[in-house]
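See below for the structure under consideration.
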Amino acid sequence: MNRPSSQPSGFSPRPAKVLVLDTSAAVAQAVASHILSKVKKSPASVLGLATGETPKPVYAALVAAYRAGEADFSRTTTFNLDEYAGLADSHPDSFAAYMERELFGATNFQPARVHLLKGDAADMGEEAVAYETAIAASGGIDVQLLGIGSNGHIGFNEPGAPSSSRTRLVELSPSTLEANLSSMTALGAVPRQAITMGMATILDAREIILMATGARKAEAVAKAILQDPDISCPASLLSLHPNVYWYLDHDAASLLDNART
Ligand code: PGA
């Protein structure tokens with residue numbers, strides 16, 4: 001594949017576009033710049049957004065750009081990746097509440113263009129189909145932001161998730177339950193199920209940004225980039241996609257000798 005002309009400089013060209021930066025703050029700044037340049041160029045872009053600890057400083061940078069008058073999100077559409085099953089959007093531990101705190105509440109994204117999966121939908125099957133329909137009706141996701149689980153999950157597509165999977169209700173793996181417990185404020189336990197975009201939904205995005213920081217992610221990152229695509233590591237299926245940018249800090253890239261820049 002040729003490097004697209006819009007590709008930020010510094011990426012190793014093959015086998016994946018990997019940018020390794022010194023610190024997690026530098027990773028967040030670079031990802032924020034990537035997103036901001038997309039939105040500046042195409043204000044009506046459709047963004048796929050992720051939650052978790054890793055993207056928080058990206059959202060802080062987007063908020064700072066908005067406050068400085070350097071960004072306008074009023075025409076931008078968003079679709080979040082996933083939500084815990086059973087949590088209403090008003091629940092402080094829901095990803096809807098996270099998005100409101102970290103990004104939407106401090107910027108001018110328009111509620112009518114913000115799409116979040118409803119964790120407390122009466123019928124999760126219907127919710128999933130409606131979400132896929134809304135993504136298609138928006139024209140598809142232009143840029144999908146992803147984190148990665150230490151088990152290689154993307155969204156809540158846990159190991160074993162088929163590459164053909166679409167938005168659906170899933171069971172969370174024990175390692176995900178454990179990893180997410182520390183971010184729960186109001187619950188004694190992490191919900192055991194979630195609704196998530198599927199692998200095929202993610203792979204349909206025109207461009208994908210995966211960001212990973214910290215040594216805890218090094219093994220999953222190495223598996224995903226260096227091994228053949230296999231559903232035992234969902235992120236490895238990203239190598240089936242022609243336009244994935246990996247933004248890593250040195251710790252997350254530490255098992256990727258060939259990819260260091
Ligand atoms: P984290 O989660 O950013 O909180 O590490 C990432 C993920 O599980 O996808």
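Since the model is a prediction, treat every value here as computed from it, not as a measurement.
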> If you measure only the distance, is there a donor-acceptor pair under 3.5 Å linking the side chains of Glu158 and Thr176?
Replying inline: yes
> What pair of heavy atoms forms the shortest contact from Ala71 to Leu36, and how long is it?
Replying inline: CB-CD2, 3.6 Å
> For Arg192, does the CZ atom sit with more than 12 other heavy atoms under 6.0 Å from it, leaving out its own atoms?
Replying inline: no
> side chain to side chain contact (heavy atoms under 4.5 Å, CB included) between Leu81 and Leu117: does it pass, once the steps are laid out?
Replying inline: CA-CA 8 Å; Leu81 270 174; Leu117 283 156; over 6 Å; no
>> Looking at every non-hydrogen atom in both residues, tell me the closest pair between Leu62 and Ala32 and how far apart they are.
In response: CD2-O, 4.0 Å
> For Tyr84 and Asn180, what are the C-alpha separation, side-chain angles and deciding distance, and is it a side chain to side chain donor-acceptor pair (under 3.5 Å)?
Replying inline: CA-CA 11 Å; Tyr84 289 119; Asn180 290 5; 2.9 Å; yes
> Between Leu238 and Leu203, is any pair of side-chain heavy atoms under 4.5 Å apart?
Replying inline: yes
Distance-only check: which donor-acceptor pairs under 3.5 Å involve side-chain atoms of residues 138-147, not counting sequence neighbours?
residue: Ser138; atom: OG; partner: Ile135; partner atom: O; Å: 2.6
residue: Ser138; atom: OG; partner: Gly140; partner atom: N; Å: 3.4
residue: Asp142; atom: OD1; partner: Arg206; partner atom: NH1; Å: 2.6
residue: Asp142; atom: OD2; partner: Val46; partner atom: N; Å: 2.8
residue: Gln144; atom: NE2; partner: Gly48; partner atom: O; Å: 3.4

> Would you say the side chain of Leu237 lies within less than 4.5 Å of the side chain of Leu240, judging by non-hydrogen atoms?
Replying inline: yes
> To the nearest 0.5 Å, how far apart are OG in Ser74 and CZ in Arg113?
Replying inline: 7.0 Å
> Can you find a heavy atom in the side chain of Trp246 that is under 4.5 Å from one in the side chain of Leu19?
Replying inline: no
Would you be so kind as to tabulate the donor-acceptor pairs closer than 3.5 Å made by side chains of residues 124-131, with sequence neighbours excluded?
residue: Glu127; atom: OE2; partner: Lys118; partner atom: N; Å: 2.8
residue: Tyr131; atom: OH; partner: Asn80; partner atom: N; Å: 2.9
residue: Tyr131; atom: OH; partner: Asn80; partner atom: O; Å: 2.6
residue: Tyr131; atom: OH; partner: His115; partner atom: O; Å: 3.1

> Using the ring of each side chain (for Trp, its six-membered ring), is Tyr98 parallel, tilted or perpendicular to Tyr59, with breaks at 30° and 60°?
Replying inline: perpendicular
> Distance from Asn157 atom CG to Asp82 atom CG, nearest 0.5 Å?
Replying inline: 8.5 Å
> Between Pro55 and Gly52, which heavy-atom pair has the shortest distance, and what is it?
Replying inline: CD-O, 3.5 Å
> Hey, does the side chain of Arg101 reach the backbone of Ala96 with a donor-acceptor pair shorter than 3.5 angstrom?
Replying inline: no
>> Between Ser42 and Val39 (side chain of the first, backbone of the second, donor and acceptor by atom type, cut-off under 3.5 Å), is there such a pair?
In response: no
>> Determine whether a donor-acceptor pair (N or O, by modelled atom type, separation under 3.5 Å) exists between the side chain of Thr213 and the backbone of Ser24.
In response: no
>> My understanding is that only one of Asp249, Val27, Leu248, Ile148 makes a side chain to side chain contact (heavy atoms under 4.5 Å, CB included) with Met211; could you say which?
In response: Val27
> Taking everything shown except Gln193 itself, do over 12 heavy atoms lie less than 6.0 Å from its CD?
Replying inline: yes
>> Working to the nearest 0.5 angstrom, can you tell me the gap between Phe95 CZ and Ser183 OG?
In response: 7.0 Å
> Can you tell me how far CD of Glu207 sits from CG of Asn243, rounded to the nearest 0.5 angstrom?
Replying inline: 5.0 Å
>> Once rounded to the nearest 0.5 Å, what's the spacing between atom CE of Met199 and atom NE2 of His241?
In response: 10.5 Å
> Going through the checks in order, is the side chain to side chain contact (heavy atoms under 4.5 Å, CB included) test met by Thr77 and Leu47?
Replying inline: CA-CA 6 Å; Thr77 292; Leu47 304 180; over 6 Å; no
> Does some side-chain heavy atom of Lys38 sit less than 4.5 Å from a side-chain heavy atom of Ser33?
Replying inline: no
>> Testing the basics here: between Pro234 and Ile154, what is the closest heavy-atom pair and its distance to 0.1 Å?
In response: O-CD1, 4.2 Å
> Measuring from Glu102:CD to Thr51:OG1, what's the distance to the nearest 0.5 Å?
Replying inline: 10.0 Å
>> Could you check whether any side-chain heavy atom of Leu103 comes within less than 4.5 Å of a side-chain heavy atom of Val63, counting everything from C-beta outward?
In response: yes
> Around Glu178, counting heavy atoms of other residues, nucleotides and ligands shown, do more than 12 lie under 6.0 Å from its CD?
Replying inline: no
>> If we ignore hydrogens and angles and just use 3.5 Å, is the side chain of Arg168 paired with the main-chain N or O of Ile195 as donor and acceptor?
In response: no
> Does Lys40 pair with Glu70 as a salt bridge, N-O distance under 4.0 Å?
Replying inline: no
>> Does the plane of the ring in Tyr245 sit parallel, tilted or perpendicular to the ring in Tyr247? Use 30° and 60° as the thresholds.
In response: tilted
>> What I'd like to find out is whether the side chain of Leu49 reaches to under 4.5 Å of the side chain of Phe79, using heavy atoms alone.
In response: no
>> For Phe104 and Phe73, I'd like to know if the aromatic rings sit close, meaning centre-to-centre distance below 6.0 Å.
In response: no
Which donor-acceptor pairs under 3.5 Å do the side chains of residues 218-231 make with protein atoms, sequence neighbours left out?
residue: Asp230; atom: OD1; partner: Ser232; partner atom: N; Å: 2.8
residue: Asp230; atom: OD1; partner: Ser232; partner atom: OG; Å: 2.7

>> Using every non-hydrogen atom in the two residues, find where Thr76 and Ser45 come nearest and quote the distance to one decimal.
In response: CG2-O, 3.4 Å
>> Quick check: closest heavy atoms across Pro57 and Ala28, and the distance to 0.1 Å?
In response: CB-CB, 3.6 Å
